[in-house]
Amino acid sequence: MPKIFALVDCNNFYVSCERVFNPKLENKPVVVLSNNDGCVVARSNEIKAMGIPMAGPYFKIKDQLDKVGAAVFSSNYSLYGDMSNRVMNILQTFCQNMEVYSIDEAFLDVSFLNKKDLEEFGRDLVIKIKQYTGIPVCIGFGETKTLAKLANEIAKKDGKNLNQFKGAFSICNQEAKEKYFSEIAVKDIWGIGRMYNKKLQELNVQTVADLISKSDGWIRSNLKLTGLKTIQELRGISCINLDDVNEAKKSIISSRSFGKEVVEYKHLQEAVASFASRVGQKLRKNKTVAGLITVYIMNNRFKEGKAFLSGSICLPTPSNYTPDLIKSSLEILDKIFVKGLKYKKAAVMVTAIQPENSIALNLFENTIQTTHKKAIIMKTFDTINKRFGSNTIQTGRESFDKTWKLKSEHRSRQFSTNWEELLEVV
DNA sequence: TCTGGGGTCCTAGGACCC
DNA sequence: TCTGGGGTCCTAGGACCC
């Protein structure tokens with residue numbers, strides 16, 4: 001049976017979350033900044049209309065924002081995460097077969113619907129989500145994920161001018177394809193990024209229609225295998241399946257840019273230890289262990305003389321035990337650290353991830369008893385931090401003053417996940 | 001002064017094997 | 001002077017996504 005996918009995408013998600021709890025922001029220009037108040041990561045329509053780009057550095061556009069009295073927020077991930085869960089829970093009641101693709105997007109397998117009913121189903125969903133959560137969404141329908149993405153783009157653009165589709169659009173019929181394929185630029189296709197767009201411009205390929213008329217061989221040689229999959233998807237041949245959400249991640253990373261440059265080894269150790277600890281938490285949450293750990297340290301990439309240092313260690317036994325992860329991370333740091341550099345960012349990454357119940361014990365280092373003991377310690381650790389707030393307890397290597405800590409000067413309150421902060425509003 | 005963080009997949013090239 | 005040809009595995013780096 002041919003498939004039909006829906007892509008549900010929250011409009012200007014972080015901005016919309018801020019507006020739910022602060023309705024005065026409605027119809028006003030609003031931006032949300034990345035960690036460290038570095039870049040713009042969400043823009044209201046008013047900001048988009050000003051031509052302010054996504055991911056542009058804040059310091060370059062600050063004056064422009066001040067001039068129009070824009071509201072500026074630091075990222076408030078506990079708020080956005082909680083709002084995201086609410087939206088996803090509602091979607092789940094309408095469609096069990098679903099993939100949460102990102103914090104603000106989900107693919108649904110709606111092959112059970114009749115093609116002519118798609119937009120009506122979509123509009124109903126748009127209204128319900130807005131009613132129950134306050135978040136506006138757009139929905140696109142297509143025979144493949146890439147087409148659903150494209151349909152979603154069309155619904156979004158339409159919302160800014162005509163609003164004839166009322167948030168839901170299907171590209172499952174031939175007329176719609178003919179009309180829009182010749183209008184939409186290749187850069188708006190899911191899977192065509194900056195570099196591929198540049199290349200296509202050079203080859204004078206402008207629209208979706210131009211692109212799908214090319215031969216497979218042409219696409220393969222210019223856009224590689226990934227590009228070929230994208231084009232097949234545009235032709236209606238599904239190559240990208242709905243992902244199993246429960247599938248284990250292949251890598252987990254914790255990294256931060258520092259609020260100011262770090263020169264002291266001691267501070268770098270603290271940072272790396274906290275990133276390792278964070279990685280441990282994520283592994284345990286997924287009930288997984290990691291076999292390989294990698295540490296990166298780097299200086300400011302926008303200044304002269306780029307330095308990027310990294311090293312890896314295979315753990316003797318795959319682990320999610322924080323002290324093990326910290327010990328290995330610090331060993332790596334010791335090997336790669338170069339004195340005299342001004343460090344701007346560090347990261348801890350783990351790979352070779354597997355389910356925790358599948359570990360083959362290393363005869364020399366572990367017995368079932370010590371593994372069990374470690375698990376109990378970590379469980380206690382996680383429970384306390386969950387109950388009383390993250391970082392209530394930390395390992396001794398992580399320090400409590402965190403001189404390298406990032407900036408977050410405009411964060412809104414954690415209205416939906418923190419009682420104390422909600423009460424400040426009243 | 002100030003430029004995010006967390007992922008995925010693919011490819012090219014090197015090391016090593018017979 | 002000649003300098004194969006097939007594999008595998010690993011890693012770094014590039015491209016993409018949100």
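In what follows, every chain begins at residue 1, and chains take the letters A, B, ... in the order their sequences are listed.
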Could you check whether A:Leu33 gets within reach of a base, just the sugar-phosphate, or nothing at all, counting any heavy atom under 4.0 Å?
-> nothing

Using a heavy-atom cut-off of under 4.0 Å over every strand shown, decide if A:Tyr58 touches base, sugar-phosphate, or nothing.
->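 Answer is nothing: A:Tyr58 stays at 4.0 Å or more from every strand.
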
If you draw a 6.0 Å radius around NZ in A:Lys48, do more than 12 non-hydrogen atoms from other residues or ligands fall strictly inside?
->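 Atom NZ in A:Lys48 is packed in, count exceeds 12.
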
How about A:Lys156: does its NZ atom have over 12 heavy atoms from other parts shown lying under 6.0 Å from it?
-> yes

Complement of B:dC18, any strand, by Watson-Crick or G-U distances under 3.5 angstrom =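 Its partner is C:dG5.
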
Listed nucleotide nearest any side-chain atom of [X], set [options]:
X        : options               : result
A:Val41  : B:dT3, B:dG4, B:dG7   : B:dG4
A:Met195 : C:dC16, B:dG7, C:dC17 : C:dC16
A:Ser257 : B:dG7, C:dA15, B:dG4  : B:dG4
A:Lys344 : B:dC10, B:dT11, B:dT3 : B:dT3
A:Phe59  : B:dC10, B:dG7, B:dC2  : B:dC2
A:Asn35  : B:dG4, B:dT11, B:dG6  : B:dG4
A:Lys229 : B:dT3, B:dT11, B:dC9  : B:dC9
A:Ser255 : C:dC18, B:dT8, B:dG5  : B:dG5
A:Ser251 : B:dG6, B:dT8, B:dG4   : B:dT8
A:Leu225 : B:dG6, B:dG4, B:dC10  : B:dC10

Counting only side-chain N and O atoms of A:Arg301, is one of them less than 4.0 Å from OP1 or OP2 of B:dG4?
-> yes

Does the side chain of A:Thr144 pick up a donor-acceptor pair with the side chain of A:Arg235 at under 3.5 Å?
-> no

Looking just at side-chain N and O atoms, do A:Glu18 and A:Tyr80 make a donor-acceptor pair shorter than 3.5 Å?
->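 Indeed, the side chains of A:Glu18 and A:Tyr80 share at least one donor-acceptor pair under 3.5 Å.
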
So, are A:Glu331 and A:Lys327 salt-bridged, with charged N and O less than 4.0 Å apart?
-> yes

A:Phe302 or A:Ile253: which one's nearest nucleotide on DNA chain B is closer to the 5' end?
-> A:Phe302

Toward the 5' end of DNA chain B, by each residue's nearest nucleotide, A:Glu261 or A:Lys345 = A:Glu261

